[in-house]
There are 2 protein chains.
Amino acid sequence: MALTQLTVVDTAVDILQQFGLADLSMRRLAKELDVQVGALYWHVKNKQELLAQVAAKLLNTPQLSVKAEEFNAPADAILQLARNLYLALLPIQDSPEVIEVATAMQATELAPVLQLRELLEAAGLSSENARHGQQLLLNHILGSVAFRQNLVQLDVDSPISDGFDWALQRAVAGLVN
Amino acid sequence: MALTQLTVVDTAVDILQQFGLADLSMRRLAKELDVQVGALYWHVKNKQELLAQVAAKLLNTPQLSVKAEEFNAPADAILQLARNLYLALLPIQDSPEVIEVATAMQATELAPVLQLRELLEAAGLSSENARHGQQLLLNHILGSVAFRQNLVQLDVDSPISDGFDWALQRAVAGLVN
DNA sequence: ACCTGAACACCGTTCAAGT
DNA sequence: ACCTGAACACCGTTCAAGT
């Protein structure tokens, strides 16, 4: 199999999903691809950039986006999108850290995160306030996923409702009046 | 100077404040204390537990807490406490990661985080919903600090108002109706 | 009780040299 | 153009042995 940017990133996604971020090292990745570590650096600049591309692969899927016209209120579309993100990230170990790396270097556009802002504007917020609301909701999604995943690690039995949704509803209500 | 748990944790806090989490390694810490790495493990169980104690040192100061009776509405006390936390964590590099480690192992009680929940109960939330509201606000504080610190790292000029406070107000409004 | 010395099993990144 | 081999400068944790 030819070593390309695509195969590198896809294998990285695989390792992340199966074993978590702690096992997603450049060396482990090289071993999985049957090459030397140095070879990876011909296809990706560094680990940060790799993680940003992993995040893009995870989020830039049409499955996550939401069709605004299918909801009678923008707030409902926002709630649905936030839930989609939460549920998609939950089963992927350490996904919040990966997403944070990607948004920190803002090199990559994460479609559902952009849509979050668009929907807030559609709900009547100024473009500035839509950015701030986006931040609040993203913080809540990533923080809640991280918190839940930590519970699993300490194998506490996770209840079906973990309070994410209640707080999400209150936050959206506060944002769109 | 005698090597004790106290000196170990205090030196760790120093390194964190001056150089950030990347430089806070057990080896670097040992060097700073003029001992071998192994010696540290007599005084702390592992790095996780050390970070939890660092987090406690950072947050368990009366400066951060808020006197509820000085505010005419519980919501105002909540806002003040959240701002105190945000402003205290902002100058400490990578403080969100450290706090997250501490809350994840919940071995340590972080006073201001507890007060956040108490104030939400005082504002009329059920104890369950107060926990969920606490999660929302903590997620927003830590997420916003992390976001701002990443901007500094990429030396983008930080504006005075970064939207933290606007979103905070909307969130609190949504929580306490 | 407390610490040293040394090892074990890892990291990310770089780069001359090969093909 | 793409990859190997090998190095550089690190990690966290453990543990026999010393005092």
Side-chain angles (χ1 to χ4, degrees), chain A residues 1-55 93-94 97-102 104-105 107-108 150 153-154, chain B residues 1-55 93-94 97-102 104-105 107-108 150 153-154:
Chain A
M1 207 223 291
L3 191 62
T4 67
Q5 236 208 47
L6 226 160
T7 58
V8 171
V9 175
D10 282 350
T11 308
V13 170
D14 261 33
I15 295 175
L16 180 70
Q17 283 175 330
Q18 289 186 46
F19 309 101
L21 195 55
D23 283 53
L24 177 43
S25 67
M26 298 304 275
R27 299 177 115 94
R28 170 74 186 272
L29 187 51
K31 199 162 286 174
E32 215 80 28
L33 288 160
D34 271 306
V35 293
Q36 300 290 45
V37 219
L40 298 177
Y41 287 86
W42 188 264
H43 299 98
V44 297
K45 197 165 148 278
N46 52 36
K47 195 178 178 180
Q48 268 214 349
E49 202 221 34
L50 172 66
L51 290 182
Q53 289 184 253
V54 168
Q93 277 183 63
D94 311 301
E97 269 118 309
V98 178
I99 307 296
E100 267 158 36
V101 169
M105 4 183 309
T108 5
N150 280 332
Q153 190 188 332
L154 303 171
Chain B
M1 209 224 289
L3 192 63
T4 68
Q5 235 208 48
L6 226 161
T7 58
V8 171
V9 175
D10 282 351
T11 308
V13 171
D14 262 34
I15 294 175
L16 180 70
Q17 284 175 327
Q18 289 185 44
F19 309 102
L21 194 55
D23 282 53
L24 178 43
S25 67
M26 298 303 273
R27 299 177 115 93
R28 169 72 186 273
L29 186 51
K31 200 162 283 175
E32 214 80 28
L33 287 160
D34 271 306
V35 293
Q36 300 290 35
V37 219
L40 297 177
Y41 287 84
W42 188 265
H43 297 98
V44 297
K45 195 165 151 277
N46 52 36
K47 195 178 178 181
Q48 268 213 349
E49 202 221 34
L50 172 65
L51 290 182
Q53 290 184 253
V54 167
Q93 278 183 62
D94 312 300
E97 269 118 310
V98 178
I99 307 298
E100 267 157 38
V101 170
M105 0 184 308
T108 5
N150 280 333
Q153 191 190 329
L154 304 171

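By convention in this document, chain letters (A, B, ...) are assigned in the order of the sequence lines, proteins followed by strands, and residues within each chain are numbered from 1. Scope of the values below: all heavy atoms of this structure, side chains included, with no hydrogens, waters or symmetry mates.
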Quick check for you: to the nearest 0.5 Å, what is the distance between A:L16 atom CG and A:L29 atom CG?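 Rounded to the nearest 0.5 Å, the CG-CG separation comes to 11.0 Å.
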Who is the Watson-Crick or G-U wobble partner of C:dA1, with both distances under 3.5 Å?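 Pairing partner: D:dT19.
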Suppose we define a pair by two distances each less than 3.5 Å, Watson-Crick or G-U wobble; what does C:dT14 pair with here?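 Check on C:dT14: paired to D:dA6, both distances under 3.5 Å.
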Closest to the [X] side chain: [options]?
{"X": "B:V37", "options": "C:dT4, D:dT13, C:dT13", "value": "D:dT13"}
{"X": "B:R28", "options": "D:dG12, D:dC11, C:dG12", "value": "D:dC11"}
{"X": "A:Y41", "options": "D:dT4, C:dT14, D:dG12", "value": "C:dT14"}
{"X": "B:Q36", "options": "D:dT4, C:dT4, D:dT13", "value": "C:dT4"}
{"X": "B:K47", "options": "D:dT13, C:dG12, C:dC3", "value": "D:dT13"}
{"X": "B:A39", "options": "D:dC11, C:dT13, C:dC3", "value": "C:dC3"}

For D:dC2 and A:W42 - does any side-chain N or O of the residue sit under 4.0 Å from the phosphate oxygens OP1/OP2?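 For A:W42, the contact criterion (side-chain N or O under 4.0 Å from OP1 or OP2 of D:dC2) is met.
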Rounded to whole angstroms, how far apart are [atom1] on [X] and [atom2] on [N]?
{"X": "A:N46", "N": "C:dC11", "atom1": "CG", "atom2": "C1'", "result": "15 Å"}
{"X": "B:M26", "N": "C:dT4", "atom1": "CE", "atom2": "C1'", "result": "16 Å"}
{"X": "B:L40", "N": "C:dG5", "atom1": "CG", "atom2": "P", "result": "14 Å"}
{"X": "B:L29", "N": "D:dC10", "atom1": "CG", "atom2": "C1'", "result": "16 Å"}
{"X": "A:H43", "N": "D:dC2", "atom1": "NE2", "atom2": "C1'", "result": "7 Å"}
{"X": "B:E49", "N": "D:dT13", "atom1": "CD", "atom2": "P", "result": "11 Å"}
{"X": "B:R27", "N": "C:dA7", "atom1": "CZ", "atom2": "C1'", "result": "10 Å"}
{"X": "B:K31", "N": "D:dA9", "atom1": "NZ", "atom2": "P", "result": "12 Å"}

[X] side chain near [Y] side chain, heavy-atom distance below 4.5 Å:
{"X": "B:V101", "Y": "B:V54", "answer": "no"}
{"X": "B:L40", "Y": "B:L33", "answer": "yes"}
{"X": "A:L50", "Y": "A:M26", "answer": "yes"}

Relative to the 5' end of DNA chain D, which residue comes earlier, B:G38 or A:G38, by the nucleotide with the nearest heavy atom?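 Final value for this comparison: A:G38.
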Would you find a donor on one side and an acceptor on the other, under 3.5 Å apart, between the side chain of B:D94 and the backbone of B:L21?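 Between the backbone of B:L21 and the side chain of B:D94 there is a qualifying donor-acceptor contact (under 3.5 Å).
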Provide the distance between the two P atoms, one in D:dA9 and one in C:dC10, to the nearest whole Å.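 Their P atoms lie roughly 23 Å apart.
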